[in-house]
Amino acid sequence: MAVRVGPDDFDIGAEVKALTAGRTDIGAVVTFTGTVRGEGSGRPITAMELEHYPGMTEAELVRVEREACERWPLLASLVVHRVGPLRPGDNIVLVIAASAHRQAAFEAAEFMMDYLKTKAPFWKKEAVAGEAARWVDARDEDDAAAERWNRKASGPSR
Amino acid sequence: MAVRVGPDDFDIGAEVKALTAGRTDIGAVVTFTGTVRGEGSGRPITAMELEHYPGMTEAELVRVEREACERWPLLASLVVHRVGPLRPGDNIVLVIAASAHRQAAFEAAEFMMDYLKTKAPFWKKEAVAGEAARWVDARDEDDAAAERWNRKASGPSR
Amino acid sequence: MGAAPRTVKLMYFAWVRERVGTASEEVVLPAGVTTVADLKAWLAARGTGYEAAFVKPGVIRAAIDRRHVQETASIEGAGEIAFFPPVTGG
Amino acid sequence: MGAAPRTVKLMYFAWVRERVGTASEEVVLPAGVTTVADLKAWLAARGTGYEAAFVKPGVIRAAIDRRHVQETASIEGAGEIAFFPPVTGG
């Protein structure tokens with residue numbers, strides 16, 4: 001159970017190996033990787049900058065991870081989120097959830113992403129070709145996605 | 001969109017890199033990795049053997065992947081499944097689903113695993129300490145998990 | 001229906017293979033064996049190993065030419081018919 | 001309530017920071033400013049940049065000592081109060 005916030009890129013395979021090395025209790029590992037897409041509102045994105053709230057960001061990610069561990073029988077988990085300047089194709093976020101069985105791993109990973117998207121203080125600023133950089137608007141779908149998890153003890157309603 | 005069946009291990013990070021290299025349309029990548037657990041029915045597992053039906057196995061995996069691509073806007077996908085002798089802690093299966101947004105990637109990966117579990121012709125034989133190897137029984141939960149996807153066009157009911 | 005003998009390749013997997021004692025074989029189907037269920041019943045009567053394998057025929061799954069089929073499926077025109085337990089991969 | 005001045009550290013992020021023109025500052029809270037909503041209203045009256053930042057106060061989220069809080073939350077005893085737009089990470 002760990003969180004990491006910083007400018008450095010991550011290697012999914014290396015992170016999974018580090019979490020699962022020498023363990024035989026884990027049967028299922030789900031990873032989610034979010035990457036910078038090359039277009040926004042149909043126009044090419046030339047640059048992206050991620051701002052965060054040092055201290056609170058890490059605390060929120062720890063809370064998200066702890067909440068997931070209370071809801072599902074997780075055996076290992078990790079949240080890594082990058083900050084600073086990024087380019088299209090770059091990794092932004094990595095969430096890993098490991099459990100004995102696959103449903104818990106899938107649900108916990110999805111839960112962590114949904115909560116991170118609405119709770120963790122990160123803000124994206126992106127520039128499209130030929131225009132000044134602008135702050136990305138929050139998406140209503142992200143609130144709705146996080147809201148699903150309030151209705152039941154585990155599992156989203158879809 | 002590819003499937004691979006064989007004795008060789010896989011590297012999650014390398015597979016994700018190969019699928020996403022040079023692409024900026026992908027915003028979300030979900031991986032599922034299944035591994036050999038060290039115990040079965042509360043007793044330590046000493047050995048595991050995976051049998052398959054060469055030809056049909058690959059055909060079923062291709063069908064599973066094609067079905068996922070029809071249901072969700074996937075931009076890349078991969079299914080790798082090992083066969084032959086395996087030991088506790090070893091990788092068994094890797095499923096990757098990549099899309100522009102996270103919900104499609106999560107759902108498609110979960111769907112592929114649920115269908116693979118009930119449709120792809122693999123059979124596990126495991127030996128527990130001090131006993132002869134025995135064929136693993138199919139789990140009713142796996143049928144139920146696959147069945148969820150028949151009720152709606154997309155998204156499981158939980 | 002012609003009188004030509006119908007030859008088909010049968011394949012067995014996992015514990016079905018172990019009980020039958022072979023991984024695959026070519027058989028000539030007798031008249032009257034037209035569905036998967038018919039074929040299971042006919043195989044169960046072929047000897048001790050087959051009987052042990054097909055004692056609970058409903059448990060055993062079948063595929064014709066590498067596609068899953070139901071009990072009631074016709075085997076007419078089949079080239080390869082496989083019998084196996086419920087799958088346990090993943 | 002004592003008469004001692006209440007000092008608090010304010011932090012601003014993303015476009016709130018850009019409009020206010022500073023990332024953080026120490027302020028002495030006047031009497032009567034007791035909730036997050038009160039504080040937003042008081043800040044909005046401090047000058048052009050603040051007014052532009054807090055023109056739609058309901059859009060701006062707040063955290064007290066690094067925890068999300070609602071509009072009605074009391075700011076008594078707060079050490080660090082942050083204002084920012086809805087988050088867009090992940």
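Every chain is numbered from 1 and lettered A, B, ... according to where its sequence line falls, protein lines coming before strand lines.
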Distance in Å, D:His68 NE2 paired with A:Thr118 OG1, rounded so as to fall on 0.5 Å steps: 7.5 Å
Side chain / backbone / both / neither for [X] at chain D, heavy atoms under 4.5 Å:
{"X": "A:Asp142", "result": "neither"}
{"X": "A:Arg139", "result": "neither"}
{"X": "A:Lys117", "result": "both"}
{"X": "A:Glu60", "result": "side chain"}

What heavy-atom pair brings [X] and [Y] nearest, and what distance separates the two atoms?
{"X": "D:Arg66", "Y": "A:Arg63", "result": "O-NH2, 2.9 Å"}
{"X": "D:Gly90", "Y": "A:Val93", "result": "C-CG1, 3.6 Å"}
{"X": "A:Val136", "Y": "D:Thr88", "result": "O-CG2, 3.4 Å"}
{"X": "D:Ala63", "Y": "A:Tyr53", "result": "CB-CE1, 4.5 Å"}

Geometric class of the D:Phe13/A:Trp123 ring pair [parallel <30°, tilted 30-60°, perpendicular >60°]: parallel
D:Arg17 portion near chain A, given a 4.5 angstrom heavy-atom threshold: side chain
Greatest number of heavy atom pairs closer than 4.5 Å to chain D - which of A:Arg82, A:Met113, A:His81: A:His81
Atom CD of A:Glu131: over 12 foreign heavy atoms under 6.0 Å: yes
Residue D:Arg67 excluded, over 12 heavy atoms near CZ under 6.0 Å: no
Best-contacting candidate, D:Pro86, D:Ala82, D:Gly89, against chain A by heavy atom pairs under 4.5 angstrom: D:Gly89
A:Lys125 side chain vs D:Trp15 backbone, donor-acceptor pair below 3.5 Å: no
